[in-house]
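Proteins come first, then strands; the chains are lettered A, B, ... in the order of their sequence lines, and each starts at number 1. Keep in mind the model is a prediction, meaning the values are calculated, not measured.
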Amino acid sequence: MNSVTKKKTPQGNVLSRRFYDRDTVLVARDLLGKLIVVERNERRIARIVETEAYVAGDPANHAFRGQTKRNRSMFKGPGTLYVYAVHAQNCMNAVTRLGEAVLVRAAQPVENVSERTSGPGLLCRAMGITREDDGKSLLQSEISIRDDRYSPVSIVSSPRIGVTKWKDRHLRFFVSDNPSSHCE
DNA sequence: CTTCAGATCCCCT
DNA sequence: GGGGATCTGAAGA
């Protein structure tokens, strides 16, 4: 094998640090249609159909008041996986710039995913992602997000779900042709 | 230490 | 569409 060759797989190219090191709202939009790939005992794949952006100066952002024990992964650099628990559920985020992240709310099953994947808690359960995975790198670990050149047909934005602050801001994005995405 | 709100889910009506 | 389950992290006393 040529070691210089870029890593390519049938699931597409692993998104680079450069992809995450951009405006968080752009990253949230661009993550739609990308593949979450978890390679453990079996390989599980799902395609992202719903995201939310949590940005600087955002009162709903866990990093709003700076770094804490919970959100320390949000300060480890672009492409870090941030997993937190709320209401006994796990939620997965992709860290973009310092103290900013994109919550992945829903995906479509592609391979070895039998449980439901609509909703951040259910998605993590179906993909087997836990708080053990908090702080891992999406650039080089068993969990990655990849681009297989698929593009969603159309993207819609709305206020975020379950968030009381910044309700006037459209920071949620979802693929509108996906049947499991409810509108607003 | 105690309180409480929360980036949710499920079941009931 | 409404309320209870469930539990962790953060903030206040």
Side-chain angles (χ1 to χ4, degrees), chain A residues 15 20 22-34 36 38 44 46-109 113-138 143 145 152 155-176 178-184:
Chain A
L15 294 178
Y20 298 102
R22 294 183 297 144
D23 180 271
T24 301
V25 174
L26 289 181
V27 176
R29 283 178 46 97
D30 290 347
L31 278 175
L32 295 175
K34 301 298 187 289
I36 305 170
V38 180
R44 297 183 190 181
R47 192 179 299 282
I48 298 172
V49 297
E50 182 182 352
T51 61
E52 284 178 359
Y54 289 85
V55 302
D58 175 358
N61 186 340
H62 286 172
F64 183 56
R65 292 168 211 277
Q67 189 170 348
T68 66
K69 183 179 179 181
R70 170 172 63 168
N71 67 25
R72 64 193 180 284
S73 298
M74 295 183 73
F75 296 86
K76 287 177 72 173
T80 301
L81 179 64
Y82 170 45
V83 183
Y84 70 91
V86 68
H87 290 105
Q89 318 289 328
N90 291 326
C91 300
M92 64 171 290
N93 301 252
V95 176
T96 55
R97 289 177 170 162
L98 204 66
E100 302 190 18
V102 174
L103 169 70
V104 183
R105 286 190 55 88
Q108 286 177 334
V113 179
S114 50
E115 299 173 54
R116 282 166 301 163
T117 49
S118 59
L122 293 172
L123 175 61
C124 281
R125 217 163 67 184
M127 298 301 287
I129 293 173
T130 70
R131 278 197 313 298
E132 298 278 301
D133 301 310
D134 178 50
K136 287 182 180 174
S137 171
L138 292 168
I143 304 171
I145 303 180
I155 295 171
V156 181
S157 70
S158 82
R160 294 174 293 191
I161 303 295
V163 177
T164 55
K165 295 153 187 163
W166 271 23
K167 273 205 155 165
D168 54 323
R169 310 255 181 153
H170 284 218
L171 292 172
R172 169 177 177 245
F173 302 95
F174 58 97
V175 179
S176 61
N178 175 52
S180 69
S181 60
H182 47 91
C183 303
E184 186 176 338

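A:Arg72 places a side-chain N or O within 3.5 Å of a backbone atom of A:Lys69 that can act as its donor or acceptor partner. Under the 3.5 Å distance criterion, the side-chain polar atoms of A:Lys34 are left unmatched by any main-chain donor or acceptor of A:Arg47. One N or O on the side chain of A:Thr51 and one on the backbone of A:Ala28 form a donor-acceptor pair closer than 3.5 Å. A distance-only check finds a donor-acceptor pair linking the side chain of A:Asn71 to the backbone of A:Gly66 [under 3.5 Å].
Rounded to whole angstrom, the span from the CG atom of A:Asn93 across to the P atom of B:dG6 amounts to 17 Å. Distance, A:Glu115 CD to B:dC10 C1': 15 Å, rounded to whole Å. Atoms CZ (A:Phe64) and P (C:dA10) sit 15 Å apart, rounded to a whole Å. The interatomic distance linking A:Met74 (CE) with C:dA10 (P) rounds to 12 Å, in whole Å. The separation between A:Arg160 atom CZ and B:dT8 atom P is 11 Å, rounded to whole Å. In this structure, the CG atom of A:Asn71 is 15 Å from the C1' atom of C:dA11, given to the nearest Å. The interatomic distance linking A:Asn90 (CG) with B:dG6 (C1') rounds to 14 Å, in whole Å.
In this structure, A:Tyr54 counts as stacked on the base of B:dA7 under the 5.5 Å centre distance and 30° plane angle limits.
Salt bridge status for A:Arg22 with A:Asp30: present, with a side-chain N to carboxylate O gap under 4.0 Å.
A donor and an acceptor atom, one from each side chain of A:Thr130 and A:Asn90, are nowhere located under 3.5 Å apart.
Distances shorter than 4.0 Å separate some side-chain N or O of A:Arg125 from OP1 or OP2 on B:dC10. The shortest distance between the side-chain N/O atoms of A:His62 and the OP1/OP2 oxygens of C:dG9 is not below 4.0 Å.
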Under 3.5 Å, which N/O atoms of the protein pair with N/O atoms of nucleotides 2-8 of chain C?
none

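Across the strands present, B:dG6 finds its partner in C:dC7; the criterion is a Watson-Crick or G-U wobble pair with both atom distances under 3.5 angstrom. The partner of B:dC12, taking Watson-Crick or G-U wobble pairs whose two distances both stay under 3.5 Å, is C:dG1.
Of the two residues contacting DNA chain B, namely A:Lys165 and A:Leu123, the nearest-nucleotide position lying further toward the 5' end is that of A:Lys165.
Listed nucleotides B:dT8, B:dG6, C:dA10 differ in distance to A:Cys91; the shortest reach to its side chain belongs to B:dT8. Checked against B:dA7, C:dA11, C:dA10, the side chain of A:Arg65 finds its nearest nucleotide in C:dA11. The side chain of A:Arg116 has B:dC10 as its nearest neighbour among C:dA10, C:dA11, B:dC10. Candidate nucleotides B:dC10, B:dA7, C:dG9 were compared by shortest atom distance to the side chain of A:Arg70, and C:dG9 ranks first.
Figure legend: A:Arg160 and A:Tyr54 shown as a cation-pi pair, the cationic atom lying under 6.0 angstrom from the six-membered ring centre and within 45 degrees of its axis.
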